[in-house]
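See structure below.
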Number of protein chains: 2
Amino acid sequence: MTDESAGPPGPVTVTELIERIDAVAPGLPKRLRQCATFTRRHLHLLAVSTVADMARAAEVAPSVYIRFCQGLGFSGYSEMQALFRERYSEFRPDYSVRFANLREGASPDAAPGVDRLIADFAESGHKSLLRLRNTVTSSAADRIASDMAAARVVHLVGARRAFAIVANMAYLLDKMGVETQVRPAAGLIATQAALRPGDIVFAVTFAPFSQETLGFAREADAAGIVVHGLTDDESGPLAEVARALLVAREDEVAGFRAPTAAIALSTALCVAAGALRTET
Amino acid sequence: MTDESAGPPGPVTVTELIERIDAVAPGLPKRLRQCATFTRRHLHLLAVSTVADMARAAEVAPSVYIRFCQGLGFSGYSEMQALFRERYSEFRPDYSVRFANLREGASPDAAPGVDRLIADFAESGHKSLLRLRNTVTSSAADRIASDMAAARVVHLVGARRAFAIVANMAYLLDKMGVETQVRPAAGLIATQAALRPGDIVFAVTFAPFSQETLGFAREADAAGIVVHGLTDDESGPLAEVARALLVAREDEVAGFRAPTAAIALSTALCVAAGALRTET
DNA sequence: CAATAAATGGAACGTATATTCCGTTTTCCG
DNA sequence: CGGAAAACGGAATATACGTTCCATTTATTG
């Protein structure tokens with residue numbers, strides 16, 4: 001017979017590959033099963049790793065990993081890896097055409113090009129992150145992190161666009177054992193009574209600045225509570241009340257901004273606070 | 001002199017690489033500048049492409065691309081590529097050692113180096129954004145955007161880490177005239193009745209996956225409502241219910257992740273949906 | 001417990017890739 | 001316009017990688 005392969009045909013999609021691995025894994029000998037379980041958990045490494053890398057990571061010999069691939073229906077490691085490299089860069093065959101489209105700007109068809117928008121926001125994110133290093137003063141960041149770590153409760157305030165930042169911080173700080181309270185956009189004054197000595201306020205607001213957030217910060221400041229903040233304009237209204245102020249300016253795409261730099265910065269801040277707290 | 005290299009030292013982070021390219025590009029001859037502009041636009045291909053691929057895509061000879069790498073301070077293409085492959089292959093440390101990792105690289109004094117953490121998260125953000133362009137399938141993004149634009153109400157579900165993403169989307173979609181409802185983490189079943197024909201559900205969940213979010217998505221799917229989603233594992237449980245699935249995998253810093261790529265992706269998606277809605 | 005089959009890991013092999021070399025072309029100054 | 005320096009691209013070379021082979025070890029069965 002011309003097709004001597006007794007084994008089943010090789011998977012042509014990632015979904016098929018996963019199903020195949022799950023199907024054969026239980027009946028596999030020790031080393032081969034190591035390949036299966038590790039590969040299943042680290043599928044994303046396939047595109048960028050050599051067979052030696054994968055084998056070492058799965059704690060098997062390279063030849064064993066090759067046999068694992070072959071047992072799945074591939075001719076070897078390279079063929080299996082190709083499955084992932086294709087998927088990672090879909091336009092590989094159309095390089096020149098695609099590149100021309102990029103140069104020209106808008107794509108020829110009427111579609112608004114979600115693809116291109118994603119690329120634009122990714123590029124915009126790069127720029128925002130690059131600028132982040134220039135706008136942040138490390139002394140302010142240090143002070144905020146240590147105050148957060150020492151605080152009884154960290155009160156987080158932010159509305160509209162800033163609310164996502166605050167939500168992310170609340171999640172992180174909570175996981176790290178720092179007690180937080182997220183102040184809702186409405187009814188701020190009513191909850192003012194909950195502020196007590198030892199608490200701090202972290203206010204987040206971007207232009208155009210939220211009056212509710214600023215109002216809460218001012219009242220807290222007047223009550224003697226330490227207020228820190230994050231904004232996108234170092235000379236904005238938040239600078240007047242915040243003792244330490246972080247600045248994250250976002251690049252924009254056609255007038256829209258993703259809070260990329262702010263998310264990165266605030267995450268770093270929370271991790272730093274968590275590290276300080278567990279340290280002492 | 002022992003160190004004969006007149007050129008500057010090679011970049012050791014993606015951030016430095018981007019800055020270096022932008023700095024030298026203007027003064028470069030024709031072919032080398034082609035390398036610069038193409039590389040700058042398609043950084044994400046570096047991890048999965050050979051030098052021949054990159055050269056062909058940039059429409060230069062392989063040797064020219066090598067010289068481009070060397071002009072940047074690398075010994076060759078492989079060294080530059082390693083910059084992008086390194087971080088991918090790191091394993092996830094256990095929770096207990098994450099903070100220990102942080103202190104290890106910190107400055108000698110007791111301070112945990114918030115400054116350094118910010119730089120690390122910025123670098124991590126770059127890598128997440130680079131990978132974003134490899135993991136997103138444009139057909140899925142197109143479909144989600146058009147479904148969102150056409151939907152009566154977009155129901156957003158996300159808990160914990162995913163909640164910040166959902167909050168950002170709610171703000172954006174709302175601003176663009178797309179009606180949204182954010183489903184709270186608790187009491188999901190009670191609100192199930194609010195789902196009506198013409199609505200769609202957008203579910204966001206990252207590993208370890210939220211049972212509440214998955215449960216809501218499953219119920220909506222069973223009720224015949226279109227469910228789309230965003231996650232960080234294309235083979236995760238959300239893949240079973242979502243008709244179109246977006247994937248944003250985040251790079252990590254000592255075990256901690258900022259939702260940088262997810263924020264950029266979801267923002268692009270919302271802007272696309274808004275553009276579609278106002279267009280018609 | 002012995003005999004047989006399967007599995008394993010290291011070493012050898014062939015191929016594909018990155019890198020260097022050098023003749024040719026283009027660009028830059030005088 | 002002419003000479004020198006830089007840049008370019010294709011061919012040659014070195015290296016790294018995937019793959020196969022085979023001796024040894026481990027599991028299986030009568």
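The model shown is predicted, which means the values in this text are computed figures rather than measured ones. By convention in this document, chain letters (A, B, ...) are assigned in the order of the sequence lines, proteins followed by strands, and residues within each chain are numbered from 1. The analysis underlying the following values was restricted to heavy atoms, covering all of them including side chains, and did not include hydrogens, waters or symmetry mates.
Side chain of B:Ser78, nearest nucleotide from D:dG18, C:dT19, C:dT8: C:dT19. Of the listed nucleotides (C:dG9, C:dT20, D:dG18), C:dT20 has the atom at the smallest distance from the side chain of B:Gln70. Distance from the side chain of A:Leu32 is smallest to C:dT8 among D:dG9, C:dT8, C:dA18. Closest to the side chain of B:Pro29, from the set C:dA7, C:dT17, D:dC8, is D:dC8.
If you take CD of B:Glu59 and P of D:dG9, they are 11 Å apart, rounded to a whole angstrom. B:Tyr65 has its OH atom 13 Å from the C1' atom of C:dA18, to the nearest Å. Note: CZ (B:Phe74) to P (C:dT19) measures 12 Å, nearest angstrom. Taking atom CD1 of residue B:Ile66 and atom P of nucleotide D:dG9, one finds them 14 Å apart after rounding to whole Å. Residue A:Arg33 contributes atom CZ, which lies 12 Å from atom P of C:dA7 at whole-angstrom precision. Taking atom CD of B:Gln81 as the reference point, atom C1' of C:dT17 lies 11 Å away to the nearest angstrom. Distance, A:Met54 CE to D:dA16 P: 22 Å, rounded to whole Å. At whole-Å resolution of the value, CZ in A:Phe68 and C1' in C:dA7 are 16 Å apart.
Contact check, A:Arg67 against C:dA7: no side-chain N or O comes under 4.0 Å of OP1 or OP2.
Comment: B:Arg40 engages B:Asp22 in a salt bridge, judged by a side-chain N to carboxylate O separation of less than 4.0 angstrom.
Residue B:Arg249 forms a side-chain contact (heavy atoms from CB on, under 4.5 Å) with just one option from B:Arg257, B:Arg131, B:Lys127, and that option is B:Arg131.
Residue-to-nucleotide proximity on DNA chain C shows that, of B:Ala52 and B:Lys30, the 5′-proximal contact is made by B:Ala52.
Ring pair A:His126/B:His126 is parallel by interplanar angle, where below 30° counts as parallel and above 60° as perpendicular.
Contact annotation: the side chain of A:Gln70 approaches that of A:Arg67 to within less than 4.5 Å [non-hydrogen atoms, C-beta and beyond].
At a cut-off of 3.5 Å, with distance as the only test, a side-chain donor of B:Asp53 or B:Thr50 sits close to an acceptor on the other residue.
The base of C:dG9 is paired with the side chain of A:Ser63 by a donor and an acceptor separated by under 3.5 Å.
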